[in-house]
Each structure stands twice: as structure tokens, then as C-alpha cells.
Amino acid sequence: MCFHYHNGELYAEGVDLKKIAREVGTPFYCYSSEKLTRNFEAYRRALADFHSTVCYSVKANTNLAVVSTLARLGGGADVVSAGEMYVAMKAGIPADKIVFSGVGKTAAELEAAIKNQILQINAESAAEVETINQIALRLGVKANVALRVNPDVDALTHVKITTGKKENKFGVDWDDAHRLYREAANMEGIRLAGIAVHIGSQLLDVEPFRLAFTKIAGMVRELEAEGIVLDNIDLGGGLGINYNVELPPTCAAYADVVRETLGDLHKHIIAEPGRSVVGNAGILVTEVICTKKMGSKNFIVVDAGFNDLVRPAMYDAWHTILPVSKKGVAPLIADVVGPICESGDVFAKDRIIEPVQAGRLLAIMCAGAYGASMSSVYNFRPLVPEVMVRGEEYAVVRKRTSYEEMLSGHALPQWL
């Protein structure tokens with residue numbers, strides 16, 4: 001295992017986490033390059049009998065070393081901002097392996113995507129298609145466009161991460177998509193490259209995928225009957241991981257659904273995994289500041305806050321929390337909380353956990369996705385370091401920001 005105990009001490013691959021803590025301080029994120037590689041390769045093997053591109057969803061973790069690791073494995077990128085496109089290209093991902101998704105792309109972002117000649121822009125409204133056409137005509141080129149359609153399929157996941165129902169803001173309404181394809185096919189600045197769908201995140205059942213992909217297959221056949229031939233079918237991402245007791249589908253099971261629903265169309269398949277590539281490849285290591293008791297309630301106060309990992313506060317998410325040095329003593333029930341001046345700064349409530357004292361280290365597991373990428377400087381707390389491990393070596397791949405760096409973009413008006 002990439003995160004494992006050796007003589008009671010938690011290691012990342014071949015590196016003692018206490019050694020990293022002594023060098024970089026706490027809190028810090030730690031990523032396993034071996035686990036990243038295994039997770040990515042699982043998708044590539046599962047989809048090997050398709051003409052396919054695995055486009056890592058950069059929003060899950062934008063660290064340059066993470067994205068570069070996947071680029072060197074042949075991965076593409078799914079981006080949702082010009083900034084993420086910049087990171088992907090800096091990491092070495094070629095433009096023809098980049099897909100630009102997102103419901104609110106600006107004209108400047110669309111122009112950058114068109115100029116870079118990326119694989120495709122996933123347009124999410126008639127207004128966006130018209131904007132793309134106007135920009136492409138001005139530039140004298142054709143833009144590669146897919147429509148992200150909303151199939152009105154319930155992903156059976158958390159309400160804040162479901163994206164494929166009519167009440168969600170994402171995609172082109174299913175009933176309008178066919179008409180918009182016809183209109184886009186007649187626009188001089190548009191090359192219709194494909195069709196896209198993404199129904200949500202942290203899916204633990206393949207059936208919602210089957211429903212969505214079956215609807216997509218039907219639409220592709222209808223469009224082709226009218227002479228609108230598409231090269232790409234973009235399936236989005238969404239496969240879940242095991243945070244606690246979940247049993248997510250395997251990549252092979254996911255690929256079987258793709259094969260059953262779309263295999264006979266012989267299209268270029270684009271998969272956009274994020275969480276399932278980087279989620280369990282990263283952890284957040286934090287130091288205990290103190291413990292306290294309030295009546296019958298035990299609290300373990302740590303130096304990481306919800307500005308560092310917001311998922312528990314934002315999604316009521318469960319993260320397993322382990323002692324970095326395991327003593328094997330009888331557990332207690334405690335809340336693990338951070339130092340932020342907010343009652344919501346809680347990583348775990350009523351958790352059965354080994355007693356720890358000030359100075360001990362805890363590891364918050366499966367924090368590689370939507371951890372560092374969603375972090376902030378709330379309470380004017382610096383962004384924490386990120387470390388990547390490979391075998392018995394490790395490197396700081398993002399340093400802790402200093403107060404001076406945090407203030408460097410501020411300026412006082414002339415009257416102060």
C-alpha cells in the first residue's frame with residue numbers, strides 16, 4: 001500500500017511522514033506518485049480496447065507536479081477555466097488532449113481555447129455557441145465544439161455534486177440539444193467535434209452512467225441520421241472512491257457499461273476522472289495543538305483548518321483520520337476540530353479515535369481531491385505545503401506561502 005504502517009509509524013511509500021513534518025512543518029499535503037500512477041493506469045487499461053483519451057479533471061487537484069505526473073503517463077486534461085488550461089499546458093499536456101468544460105466561460109477564456117486549438121470546447125448554452133462562433137469567425141478559424149447535454153439523470157450522489165438533472169445549472173437541456181446541434185452545424189466558425197455529458201461526482205453505482213450513456217447513444221444515432229457526424233463522445237467523470245465504507249465500481253465495471261451502451265458507435269471516447277485518480281493518492285498531515293474536555297465531550301484541536309480542507313464543512317464529508325504514530329491504546333470518542341474562528345471548522349464528530357496529545361500527528365486520509373485545490377487563506381492563514389513522494393524520496397512541490405507573499409498583491413490607497 002502507498003500509505004501504510006511500518007513498526008507503528010505511518011509511511012507514504014518508503015518515507016516516514018514524521019520526517020517530512022520535521023522538514024516542512026504542519027499542516028501539509030502529501031501525495032503518492034505510485035498511487036497516482038496506479039489509479040490512472042487502471043482507467044487506461046479498462047478503456048484499452050477503445051480509441052480513447054483519459055483526460056484528468058484538473059479541478060480535483062491543480063498541483064503542477066500532480067498534473068505533470070499524469071501528463072507523462074499520456075494523460076489529457078479536462079479543464080474548467082483558462083487558469084487550469086494554463087496549468088495543463090505547463091505540465092506538458094498537448095492542446096489536442098485538452099477539453100474545456102464549464103457553464104460560465106468568459107469570452108477571453110474561449111478565445112484562449114480557440115487560439116490554442118484544443119481538442120474541444122464543451123459548450124453549455126446556445127449563447128455560448130454563438131459567442132464561440134463569433135470569436136472563431138473573427139480569428140478566421142473553426143473552433144472544435146461539443147455540446148454538453150443534460151440528460152436529466154439522477155446520479156444518486158450528494159446534492160451539491162450532482163450535475164445531470166434538469167434543476168442543475170449545467171449543460172444544454174435535453175429537449176433543446178437536437179435543435180442546437182442543427183443550428184451549430186450551419187455556423188461557419190464551428191466544427192462539431194462531439195457530444196459531452198457529466199452527471200455528477202462520487203458515483204457509487206454504474207446504473208446512472210448506463211442511463212445517461214444510453215440516452216447519449218440514441219442522440220448520436222439520431223444526429224448521424226441527419227448527417228451530423230461526431231468524432232468524440234465525452235463521458236465526463238464521476239466515479240467514486242472509498243472514504244469510509246463505500247464500495248465504488250471498478251474501472252473495469254465502468255468500461256463494461258461504456259462498451260455495452262456505446263461500443264457499437266466506434267467513436268473516440270473521452271473519460272474525465274478526477275477524484276478517482278487523485279483522491280486516495282493524497283493525505284493531509286496535521287499536528288495536535290491541544291486536547292480539551294467540555295462536559296462529557298472530548299475535543300482534539302489540530303493545526304489544520306477548514307481553509308485547508310473544506311470538504312467536511314461543505315459536504316458533511318467523512319475522512320478517515322489516523323494517528324501517524326500508532327500506540328495501540330484503547331480509543332475514545334472525540335471531535336477533531338481546527339483553529340478557525342467558525343463552529344463549522346470540524347473534521348470529524350464523535351469519532352472513535354486513539355487518544356493523542358499535543359505534538360502528535362494525525363493523517364486525514366483520501367484528501368488528494370478537492371483539498372488543496374479548494375483551500376483558501378481565510379483567517380489570513382498561509383496556504384500549506386504540498387509534498388510528493390516517490391519510493392524513498394520526496395520533494396516539496398508547493399511551498400508554504402509567507403505573510404509577505406500573501407500581502408504582496410495588496411495596495412493602500414493614496415489617502416492612507
Side-chain angles (χ1 to χ4, degrees), residues 1-4 10-37 39-40 56-70 84 87 91 241 243 274-288 302-315 317-324 336 338-340 345 347-348 361-379 381-391 393-402 405-406:
M1 293 180 63
C2 299
F3 297 103
H4 62 96
L10 190 60
Y11 276 65
E13 299 189 23
V15 181
D16 186 343
L17 288 167
K18 289 198 301 184
K19 179 181 179 182
I20 301 176
R22 287 192 295 268
E23 177 185 332
V24 306
T26 57
F28 68 89
Y29 279 97
C30 181
Y31 308 124
S32 163
S33 57
E34 179 183 348
K35 189 62 174 172
L36 275 173
T37 300
N39 291 342
F40 179 85
Y56 165 66
S57 185
V58 176
K59 66 178 177 289
N61 188 309
T62 56
N63 185 277
L64 186 63
V66 168
V67 184
S68 295
T69 297
L70 302 173
E84 287 185 1
V87 170
I241 66 171
Y243 285 104
R275 183 194 312 269
S276 53
V277 171
V278 74
N280 60 12
I283 62 174
L284 176 62
V285 177
T286 182
E287 182 175 318
V288 177
V302 299
D303 63 358
F306 75 22
N307 71 301
D308 305 309
L309 178 63
V310 75
R311 292 193 70 255
M314 187 169 183
Y315 304 117
W318 172 289
H319 286 266
T320 295
I321 301 176
L322 300 176
V324 169
V336 180
I340 298 293
D345 186 26
F347 293 113
L361 300 177
L362 295 175
I364 303 176
M365 309 303 290
C366 292
Y370 308 105
S373 65
M374 295 181 75
S375 59
S376 75
V377 295
Y378 185 49
N379 283 192
R381 288 165 49 85
L383 297 175
V384 306
E386 296 173 67
V387 175
M388 181 168 282
V389 171
R390 188 185 67 170
E393 60 181 346
Y394 64 95
V396 176
V397 293
R398 187 182 76 178
K399 69 182 184 68
R400 192 184 309 276
T401 54
S402 68
E405 289 167 331
M406 293 166 69

Would you mind writing out the side-chain donor-acceptor pairs for residues 19-28 within the sub-3.5 Å range, not counting sequence neighbours?
{"from": "E23", "atom 1": "OE1", "to": "Y394", "atom 2": "OH", "distance (Å)": "2.6"}
{"from": "T26", "atom 1": "OG1", "to": "D303", "atom 2": "OD2", "distance (Å)": "2.6"}

Exercise. What are the two closest heavy atoms between D16 and K18, and how far apart are they?
Worked result: OD1-N, 2.9 Å
Exercise. Is there a donor-acceptor contact under 3.5 Å from the side chain of N379 to the main chain of R381?
Worked result: no
Exercise. Around R400, counting heavy atoms of other residues, nucleotides and ligands shown, do more than 12 lie under 6.0 Å from its CZ?
Worked result: yes
For this session: Drop me the distance from S375's OG to N307's CG, to the nearest 0.5 angstrom.
Result: 7.5 Å
Exercise. Just by distance, do the side chain of T62 and the backbone of S373 share a donor-acceptor pair under 3.5 Å?
Worked result: no
Problem set entry | E13 (side chain) donor-acceptor with E34 (main chain) under 3.5 angstrom | yes
Exercise. L309 and Y370: which non-hydrogen atoms are nearest, and at how many Å?
Worked result: CD1-O, 4.3 Å
Problem set entry | Worked verdict on V397 versus L64 for side-chain contact (heavy atoms from CB on, under 4.5 Å) | CA-CA 8 Å; V397 293; L64 186 63; over 6 Å; no
Exercise. Hey, does the side chain of N39 reach the backbone of L36 with a donor-acceptor pair shorter than 3.5 angstrom?
Worked result: no
Problem set entry | Verdict with supporting geometry, N61 and Y29, side chain to side chain donor-acceptor pair (under 3.5 Å) | CA-CA 11 Å; N61 188 309; Y29 279 97; over 6 Å; no
Problem set entry | Contact summary for G282 and F3, nearest pair of heavy atoms | N-CE1, 4.1 Å
For this session: Using modelled atom types only, decide if a donor and an acceptor are shared between the side chain of S68 and the backbone of A65 within a distance under 3.5 Å.
Result: no
Problem set entry | Contact check, side chains of V66 and V278, non-hydrogen atoms, under 4.5 Å | yes
Exercise. Going through the checks in order, is the side-chain contact (heavy atoms from CB on, under 4.5 Å) test met by I241 and C366?
Worked result: CA-CA 9 Å; I241 66 171; C366 292; 4.3 Å; yes
For this session: Give the minimum heavy-atom separation between M374 and M314, together with the two atoms involved.
Result: CE-SD, 3.6 Å
Problem set entry | Main-chain N/O of V302 paired to T286 side chain as donor or acceptor, under 3.5 Å | no
Problem set entry | S57 (side chain) donor-acceptor with A60 (main chain) under 3.5 angstrom | no
Exercise. Checking ring pair (Phe, Tyr, Trp, His ring centres under 6.0 Å) against H319, which of F347, Y243, F306 comes through?
Worked result: Y243
Exercise. Atom CD1 in I321, atom CD1 in I283: separation rounded to 0.5 Å?
Worked result: 12.0 Å
Exercise. Hey, mind stepping through L70 and V277 against side-chain contact (heavy atoms from CB on, under 4.5 Å) and telling me if it holds?
Worked result: CA-CA 9 Å; L70 302 173; V277 171; 3.9 Å; yes
Seminar exercise, completed: Rounded to the nearest 0.5 Å, the CZ atom of R275 sits from the NZ atom of K59 at a distance of 9.5 Å
Exercise. Do you know which two heavy atoms are closest between L17 and C30, and how far apart they sit?
Worked result: CD2-SG, 4.0 Å
For this session: Of all the heavy-atom pairs spanning A91 and V67, show the shortest one and how long it is.
Result: CB-CG1, 3.6 Å
Exercise. Hey, does the side chain of T69 reach the backbone of S33 with a donor-acceptor pair shorter than 3.5 angstrom?
Worked result: no
